[in-house]
Amino acid sequence: DGLRGFLAFSVFIHHFVITYYWKVDGVWRRPESDIYQNFGKVGVVLFFMITGFLFIDRLISKKKVNWFFLFKSRLFRIQPLYFFALIIVLILSLKNTNFQIGDWQSFFKDIVLWLLFYGRSINEFADSKRIIASVDWTLKYEWLFYLSLPLIQLVFKSKILTLMIFFCGVFYLFLYPLEVLGISSKFFLYFLFGGLTAYLLKTLRNDFNYDSTSVSIATLILILIITLYPRTLDLAHSILIFVLFFLITNGNSIFGILRWKSCRVLGEASYSIYLLHGIVLYVLFTEIELVDFKTASFIEYLTILPIVSIIVVIFSCLTFLTIEQPFIKLGKSGVKKKQNTVSRPTN
């Protein structure tokens, strides 16, 4: 949970920087600094690793998976907050087109594409995707992974040769990526890294203390290297990120920081932070025009980062409590009821 909070926040900083260049140059583009670029990209792929770790761990831990309840829990976990974000995108897009819909057929097509995570302009408003900083692209990969879980279960429970062929295939698709319907095979590797970590934790016996001071120092050095690395998400960079993930999932808390209650609370709201920080950035800097980008330097812009961060965290905690948490409980309600029924002794 502590790690997720930092990851969501790093993606927010990535888009905070991009927003400055977008408002100054009129182009939504890569940050000039490798550090800010890595904040965003590394944060995203570590989220993919966490997903791979959690769900492949389930597959190799249980003999039978209730697929209906698994997909139901994912649906209630992801979609309600995304619908909330989409409503805000829709309202702001209509506001900027004077609430006049030119072509109803095209308008409904725009909405359908957003529901499929292929967001584009709504009602011909060019900046619709900028309202959520275009973060919806990752949800396509999340859902594709969930839908692939039955096949992945067969692979991880098959003979070692099949497993090795599967790994080699994913590595090949990373080195020579294919793109189909806007989905790049390059990102499959990170779900595999997460699943491989879960597999190693189950199969390897290791009494090494990963939460020692020396390992925490090594972890901090590794984070520094990953952050400064100039070729974002090439193979060497990806392997370094995998090593970092392996250390943390084996128990390294970076001097206990990842166990702080404040970090864990931030982790609970990480999905809200990730999905909604773009809305805060768009409202503050485009709708309200909090900063005069004609005169403000980048350093001056950075000075308001703490204030914007507080707004993002408060907004995200509110949406977690009012939207995410109730639907998470609703998504798990059937599972708990079924488990209680099974565990109840019979006379």
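By the 6.0 Å contact criterion, CH2 on W67 is enclosed, its count of non-hydrogen atoms from other residues, nucleotides or ligands being greater than 12.
No donor-acceptor pair under 3.5 Å is formed between the side chain of D57 and the backbone N or O of F53. Of the possible polar contacts, one joining the S128 side chain to the F125 backbone as a donor-acceptor pair under 3.5 Å is found.
Residues V11 and I314 do not share a hydrophobic cluster, clusters being chains of Ile/Leu/Val/Met/Phe/Trp/Tyr side chains in contact below 4.5 Å. V42 and I257 fall within a single hydrophobic cluster, where Ile, Leu, Val, Met, Phe, Trp and Tyr side chains are chained together by heavy-atom contacts under 4.5 Å. I131 and I91 end up in different hydrophobic clusters when Ile, Leu, Val, Met, Phe, Trp and Tyr side chains are linked at under 4.5 Å. Hydrophobic cluster membership differs between I310 and Y282, with clusters built from Ile, Leu, Val, Met, Phe, Trp and Tyr side chains linked at under 4.5 angstrom. Cluster annotation: L113 and L115 are assigned to the same hydrophobic cluster (Ile/Leu/Val/Met/Phe/Trp/Tyr, side-chain heavy-atom contacts under 4.5 Å, transitive).
Here the NZ atom belonging to K140 is positioned 10.5 Å from the CG atom belonging to L144, to the nearest 0.5 angstrom.
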### Message
Test ring-ring contact (aromatic ring centres under 6.0 Å, His included) on Y146 and F71; report intermediate values, then the result.
### Response
CA-CA 8 Å; Y146 299 143; F71 289 124; 7.6 Å; no

### Message
I'd like to know whether F9 forms a side chain to side chain contact (heavy atoms under 4.5 Å, CB included) with S270, so could you lay out the CA-CA distance, the side-chain angles of the two residues, the decisive distance to 0.1 Å, and finally the verdict.
### Response
CA-CA 8 Å; F9 208 76; S270 60; over 6 Å; no

### Message
Set out, in order, the CA-CA distance, both residues' side-chain angles and the distance that settles side chain to side chain contact (heavy atoms under 4.5 Å, CB included) for Y199 and I56, then state yes or no.
### Response
CA-CA 8 Å; Y199 184 79; I56 292 178; 5.7 Å; no

### Query
Run the ring-ring contact (aromatic ring centres under 6.0 Å, His included) check on Y210 and F208 step by step: do they pass?
CA-CA 6 Å; Y210 283 92; F208 183 76; 5.0 Å; yes

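Taking the six-membered ring where tryptophan is involved, the planes of F187 and Y190 are tilted, since the angle between them lies from 30° to 60°. Taking the six-membered ring for Trp and thresholds of 30 and 60 degrees, Y301 and Y20 have ring planes inclined between 30 and 60 degrees apart.
S185 and Y172 are not linked by any side-chain donor-acceptor pair at a separation below 3.5 angstrom, with hydrogens and angles left out of the test. Side-chain contact check for T51 and E142: at least one donor-acceptor pair (N or O, by modelled atom type) lies under 3.5 Å. For the residue pair T232 and N38, a side-chain donor N or O sits within less than 3.5 Å of a side-chain acceptor on the partner. For the 3.5 Å distance criterion, the side chains of K129 and S121 fail to qualify, holding no donor opposite an acceptor.
Aromatic rings from F320 and Y271 are positioned such that their centres are separated by 6.0 Å or more.
In terms of heavy-atom proximity, N252 sits nearest to T219 at OD1-OG1, 3.2 Å.
Side chains of Y229 and D34 form no contact here, defined as non-hydrogen atoms less than 4.5 Å apart.
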